[in-house]
Amino acid sequence: MINIQIIWVTAIVIVLGVSPAWAQDQNAPSDAGMHAHQHDSIIPDTTAAQGDVDAQKRQGMNHDMMPVEESGPEPDVSAKGRNHDGMDHGSMTMQNDFASAEARDPHAYSDGYTLDSGPYALPGPRQLRLADEHAFGTFLMNRLEHVNTQDGNATAYDAQAWFGWDYDKLVIKAEGDIAKGKLQDSRTELLWGHAIASFWDAQLGVRHDGGVGSDREWLAFGVQGLAPYWFGLDVEAYVGNSGRTALRLEADYEMLLTQKLILQPRVEVNLYGKSDPARDIGSGLSDAQAGLRLRYEFTRQFAPYMGVEWAGKFGSTADYARAAGEKSNETRWVAGVRFWF
C-alpha cells in the first residue's frame, strides 16, 4: 500500500514539472518561424509579381530596404542630402572614407559674400588684411664691438636691415673694420631677397668694397637662412669685373645656457678666384675668423657681450700682410653690444 502511494506521488510530481515546459514549447514559435517573423517585420509584403524579389531580399538581409515609419513625416533633408542633424546620411557608407568635394569648398556656404561685397561689407577700402599683405622692416646690429689686438685697438661692425613682405624684401648688409680713425675694410650689399622655402631666402644684388685700397664692385647672389638644428647660414657668391670671383660663408649657432645667457660660436670664411694686389688679397682661401661670444639679453632687443676670436690669413693674403708688417694670424678679445628694432 505504501509503495502504491509513493508511485502515485512520484507520478504527480513528474506531471506537474513537465506541464509548464510543455505548454511553453507549444506557445513559442520555432527558430524558422521566428526568423521568418523578423524578416516580415523588416521587409514589407509587396505585390505577387514581386514575390521572387522579396524572397531574395529576405534571404540576403538587405537592410538598405528598411522602411520608414509611417506614423510620422519623413526627416527634413536638404538639397545637399543632409537631414535636420546636419549630417550627410545619404552619402555615408562603410567603403567611402572621403569627404565630398563640396564639403571642402571654402565658399560653398558663404552665399557669394566676400570681404568687399555683400550686405555686411564695410564701405571704403578693405579693412581686414592678412599678415603677409603688410610691409615690415627690421634693423639688426649683430656686432658692434671693440677689438683688442697686440697691434692696437679697432672697432668692428656687422649690421643687416630689411624692408618688405614675407616673400619679397629689400636687404642691406654692411660689415667693416675701423682702426686708427680710418675705415680699413668695408663690405656693403644691396640685395633683393625672395623666400624659396621655410626659413630660407634667395638673394640677388650688388656689393661694394671700400676702405684702404681700390674700391671694388660685384654682382652678388646667394642664400641665407636657418639650417636644421638651428644653424644660421649665409652663403654668397660674387662676380666682379676683370674676371674676379669670390665666395663668402658665414655660420653661427646660439646655445642657450639660460633664457638670457647665450653663447654664440661664429665662423666666417672668404675665398677669391684670383689675386688682387691693390687690396692685398690673394687667390684661394684668403682669410677666416672663428670666435665665441657670450651675451646677456636684458631684453631680446638689447644684449651686451664679450668674447674671444681667432683671425687668420692664408696664402698670398698672408704674404701681403707680412710684407706690410702685420701678423698673418692673431687671437683678439672683443666686447660689444647686439641690438635690433
Side-chain angles (χ1 to χ4, degrees), residues 140-161 171-193 203-224 233-252 266-291 309-334 336:
L140 168 64
M141 179 60 73
N142 194 30
R143 293 185 296 123
L144 179 59
E145 59 192 23
H146 177 78
V147 183
N148 186 6
T149 66
Q150 296 179 354
D151 296 332
N153 298 328
T155 301
Y157 64 90
D158 180 7
Q160 180 172 334
V171 182
I172 301 175
K173 299 180 182 180
E175 183 179 5
D177 299 312
I178 302 173
K180 301 176 182 179
K182 184 182 295 186
L183 182 64
Q184 300 296 319
D185 187 22
S186 69
R187 173 183 57 86
T188 305
E189 301 182 42
L190 181 64
L191 306 167
W192 166 69
Q203 298 175 342
L204 176 65
V206 294
R207 163 182 165 178
H208 173 79
D209 291 347
V212 178
S214 302
D215 293 349
R216 294 287 183 258
E217 283 75 31
W218 309 79
L219 177 64
F221 56 93
V223 293
Q224 182 178 8
L233 293 179
D234 188 358
V235 181
E236 291 185 274
Y238 307 95
V239 177
N241 52 7
S242 303
R244 297 186 180 91
T245 57
L247 179 66
R248 176 179 172 273
L249 301 94
E250 181 179 349
D252 60 53
R266 177 182 174 273
V267 177
E268 180 179 347
V269 178
N270 289 283
L271 301 94
Y272 292 89
K274 61 185 300 185
S275 298
D276 188 359
R279 294 190 61 84
D280 296 336
I281 294 174
S283 60
L285 178 59
S286 176
D287 61 89
Q289 301 174 9
E309 185 177 63
W310 176 88
K313 298 179 180 179
F314 309 93
S316 300
T317 305
D319 296 336
Y320 291 135
R322 286 189 289 265
E326 301 175 357
K327 294 182 178 181
S328 60
N329 60 80
E330 61 181 351
T331 301
R332 52 201 189 189
W333 297 94
V334 300

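On a predicted model such as this, the values are computed, not experimentally measured, just so you know. Sequence positions, counted from 1, serve as the residue numbers for this chain.
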Can you give me the closest heavy-atom contact between [X] and [Y], atom names plus distance?
| X | Y | value |
| --- | --- | --- |
| Gln184 | Ala179 | NE2-O, 3.0 Å |
| Ala220 | Leu191 | CB-CD2, 4.0 Å |
| Leu233 | Ala251 | CD2-CB, 3.5 Å |
| Gly210 | Asp215 | CA-OD1, 3.6 Å |
| Tyr320 | Pro277 | OH-CG, 3.6 Å |
| Val171 | Gly193 | CG2-N, 4.4 Å |

Rounded distance [0.5 Å steps], [atom1] in [X] versus [atom2] in [Y]:
| X | Y | atom1 | atom2 | answer |
| --- | --- | --- | --- | --- |
| Thr188 | Ile172 | OG1 | CD1 | 9.5 Å |
| Asp319 | Lys313 | CG | NZ | 11.5 Å |
| Glu217 | Asn241 | CD | CG | 7.5 Å |
| Glu268 | Leu249 | CD | CG | 9.5 Å |
| Asn148 | Asn153 | CG | CG | 4.5 Å |
| Asp280 | Asp287 | CG | CG | 12.0 Å |

For this session: Please list, chain by chain and in numerical order, all residues satisfying ring pair (Phe, Tyr, Trp, His ring centres under 6.0 Å) with Trp310, sequence neighbours excluded.
Result: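 For Trp310, no residue satisfies ring pair (Phe, Tyr, Trp, His ring centres under 6.0 Å) once neighbours in sequence are set aside.
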Flag side-chain contact, heavy atom, 4.5 Å: [X] against [Y]:
| X | Y | answer |
| --- | --- | --- |
| Glu309 | Val147 | no |
| Gln289 | Arg332 | yes |
| Asn142 | Gln160 | no |
| Phe314 | Asn329 | no |
| Glu250 | Gln224 | no |
| Asp158 | Arg266 | yes |
| Thr317 | Leu285 | no |

Could you tell me whether the side chain of [X] and the main chain of [Y] form a donor-acceptor pair under 3.5 Å?
| X | Y | answer |
| --- | --- | --- |
| Arg244 | Lys274 | no |
| Ser275 | Ser283 | yes |
| Lys180 | Gly152 | no |
| Ser286 | Ile281 | no |

For this session: Test side chain to side chain contact (heavy atoms under 4.5 Å, CB included) on Glu189 and Glu175 and set out the steps.
Result: CA-CA 9 Å; Glu189 301 182 42; Glu175 183 179 5; over 6 Å; no
Exercise. Under the salt bridge (charged side-chain N to carboxylate O under 4.0 Å, His left out) test, which residues partner Glu236, sequence neighbours left out?
Worked result: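 With neighbours one apart ignored, the set is Lys173, Arg248.
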Problem set entry | Qualifying residues under salt bridge (charged side-chain N to carboxylate O under 4.0 Å, His left out), relative to Asp209, sequence neighbours excluded |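 Salt bridge (charged side-chain N to carboxylate O under 4.0 Å, His left out) check on Asp209 returns Arg207.
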For this session: Give me the ring orientation class for Tyr238 and Trp218: parallel if the planes are under 30° apart, tilted from 30 to 60°, perpendicular past 60°.
Result: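 Perpendicular.
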